[in-house]
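In the text below, chain A, chain B and the rest are named by the order of the sequence lines, each starting its count at 1.
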Amino acid sequence: MSLSRQQTGLCFRQRRLALVLTLTALTSTAGCQTWQETHEAAIAQFGAGDLEISRTALQESQQKFRSEKQMLELDQGILDLASGDVRQAETRFRTLRHELEDLEQKDATEQASSMLTDSRAVAYSGRDFERRMILNMALLTSVLGDSQDAFAYSIQVTEAANARRTVLADAVKKATDSTAVAGSSPAGTTPSDVTPASFASESVPTAIVPSSLDQPLAFSAYLAAMVQSEQPSRYQETQQALDDVGFWNPVYSRHDATSSVGNFGVRCQPGNGTLHVITLVGKAPRWVSESANATSASLLIADRIISFTGKHTLPPTIAAVKIARPEPTGNTLPVGSVRCFVTHPGASSGAAPSPLSFATIVDLNEAAEASYREHRDEVIAQAIARRVLKKGAVYVLKETQKIHRNSLVDLGVNVAGVAWEALEKADTRSWRLLPARIDVARTELPAGDWSTSLQLNGYDPHGSAQTIPVHIENGRNTCIVVLIPEKALTGHILIGGADNQTIPVQP
Amino acid sequence: MPRQWLLVVLLSCVLAISAISGCRGRQRAHVLKQDDKDMVGSHTAGAETWKPLIDESVGRLLAKSCATVQQASHTSVDSHGTQARTVCFVGVENRSGEEIGDFKEQIYEHIDTQISQDPQFKMISRRYVEAAMGECRCRPDTLVLPARQRELQAALERADQPFDYLLFASITSGTTNSNGDYQRDYLLTMELLDIHTGESLKDSAMLRKGYHKSLIGKLKHYND
């Protein structure tokens, strides 16, 4: 009788435990949907050109979901920039950069928590290309503002590029070494087979090949060249920055070499300065959930084998392993859609000037895709480790609670285990208001006042051409930045460098 | 029994982790007393760097200028017979590898205030200087060119603010790396340029700072 009561008590505790586990898992993800909805609304409104509604939606999103403050603040930074508040944008990017650097460091609590839930438990610290873009945006906003920290940022981007180059060189060296080890004869090498050291040292090292993931570094180098080129004493640094542009984005460099686009700063002809037109086109790809089917199937086979042979059954892998992949957002204007003419205000309207030639310096769709490919295996490995841990926890629970195989409680625990696994979601957090592409055009002009005309070719029939007066200074760089998230210019046209002003886009 | 304990430990861990995870983001503040030490910036220079650098460099410049008083056209003499030089402080240039953010404004104000307190100097209000520089579209580094200098002089004279000296301040840095740890030397340089003779008085102050990933880094590089 007492045994029966004990068994009843045990059974009750087991049921309660299964219920608690299920409820805990369910409540842990509650409330996420609402902040995502307002975030999506903010992105849509930005595309439509309504910056105020977008800002309100983003603030609402921030209030609902405070733990990802940094991610939403990055979007706020782009909104500040579009609104013409360059100083606020710079402050935001500068602060966020340091905060995300801190969050990038591994935190034991978050790692443990992510093993129990999913990868979103780890604080958002930006993807690799996004972190590079934060520094780029800090440098760009500094150039558009008072340029007080532009020099410091230009040095930092050069350091970042050098660090990346070292990483790539180390990877190449490692690959070369392992190939050499694999290719060497394992045994029976006679003294006559040994290659003299002088011959070995003459072997050509494999070249470092940057991927699309490194394209943001090309933009970094371009901006660094703009800053460094204003000082004649930093000729070498300017040349290094220009070489870096070609190294990180050879396609852009080829375009640059074939078109007569003029030089930078003091490298121009005496009496001339440079006008740079930078267009931030489209919106960065959104990251969507993807099922790693092969991995899920393998896990299912593995847990079925253990369930069949082991003392206890494991929750079957019904819920697929989820990872995030980038998906380009639509409505991005193709390259060449922006027509830009520069004229002297006093020039006669007879001869039509030729438009500036734009080329893509960063394609963030490509960078995101490259980032996805580079980290895919690592993300899947983490997902597998998480599943194994969860299944292991269920197994330990059954063992400690002496749950009988194929009993009702066993079934309940398995259902709770499946639910626990099904609650996993892919980490789709990303900086959504980044542009999809950054196109650059430049021209060398005699110092003085000029008029720049910008129009979207064939895509904005109702939009009039935007006329932007700019001042060109001898040996200096002036840059115009425009944002085109969808089919029209949005917010303000920003002018920085030798000239400094913000002009609202004319409807 | 041990099995049940194992379960209890497992659940406690989960609860503890959840509780700790929820603690991030709570910020608190307190008001510092006069004798409280400044916070030391872990990633960049902060109050602990800029305040002593300003004090030292301004002090040195004032001491040096005491010995080299020269009569210039706009130098005024006060009721005590002290000659005051009229100075146009054109700003702080950041030539370091580190962004200084909002400190730039404070560095300017500290230098301006400290020099103003010396009876030898009469500082032109920053508002006049900024308006005149904006009018001339000139940067501090171009003000050594005679044409640019004349433009600025003319603009300030129109506002009844003539000057004899230009004051430049610049921040530079030098970084030494060692396996992830690094030492950064900060140098604040002040240069007082006599626009009539072209002679300049220059002085600087340096502060060295070590940045470490861990306490071991500090022990390894500095033995303390």
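Contacts with chain A were tallied for B/K104, B/E98, B/E99; B/E99 has the most, counting heavy-atom pairs under 4.5 Å.
In this structure, B/V92 and A/Q148 have side chains that are not in contact, with every pair of non-hydrogen atoms separated by 4.5 Å or more.
Around OH of B/Y182, the count of heavy atoms belonging to other residues, nucleotides or ligands within 6.0 Å exceeds 12. Other residues, nucleotides and ligands place more than 12 heavy atoms under 6.0 Å from the NZ atom of B/K209. The environment of B/D36 atom CG is dense: over 12 non-hydrogen atoms of other residues, nucleotides or ligands sit within 6.0 angstrom.
Neither the backbone nor the side chain of B/S173 comes within contact range of chain A; no heavy atoms are under 4.5 Å apart. For A/R97, the part lying near chain B is the side chain, with the backbone staying farther off; criterion is any non-hydrogen pair under 4.5 Å. There is no contact between A/E90 and chain B, counting heavy-atom distances below 4.5 Å. Residue A/D102 touches chain B through its side chain alone, counting heavy-atom pairs closer than 4.5 Å.
Salt bridge annotation for A/E230-B/R139: present, with a cationic side-chain nitrogen under 4.0 angstrom from a carboxylate oxygen.
Nearest heavy-atom pair, A/A152 versus B/N94, reported as atom, atom and distance to 0.1 Å: CB-ND2, 3.9 Å.
Atom CZ of A/R94 sits about 6.0 Å away from atom CG of B/D102, to the nearest 0.5 Å. Put simply, NE2 on B/H43 and CD on A/E101 are 6.0 Å apart, with the number rounded to the nearest 0.5 Å.
Listed in order of number, the residues of residues 154-166 of chain A that approach chain B to under 4.5 Å between heavy atoms are A/I155, A/Q156.
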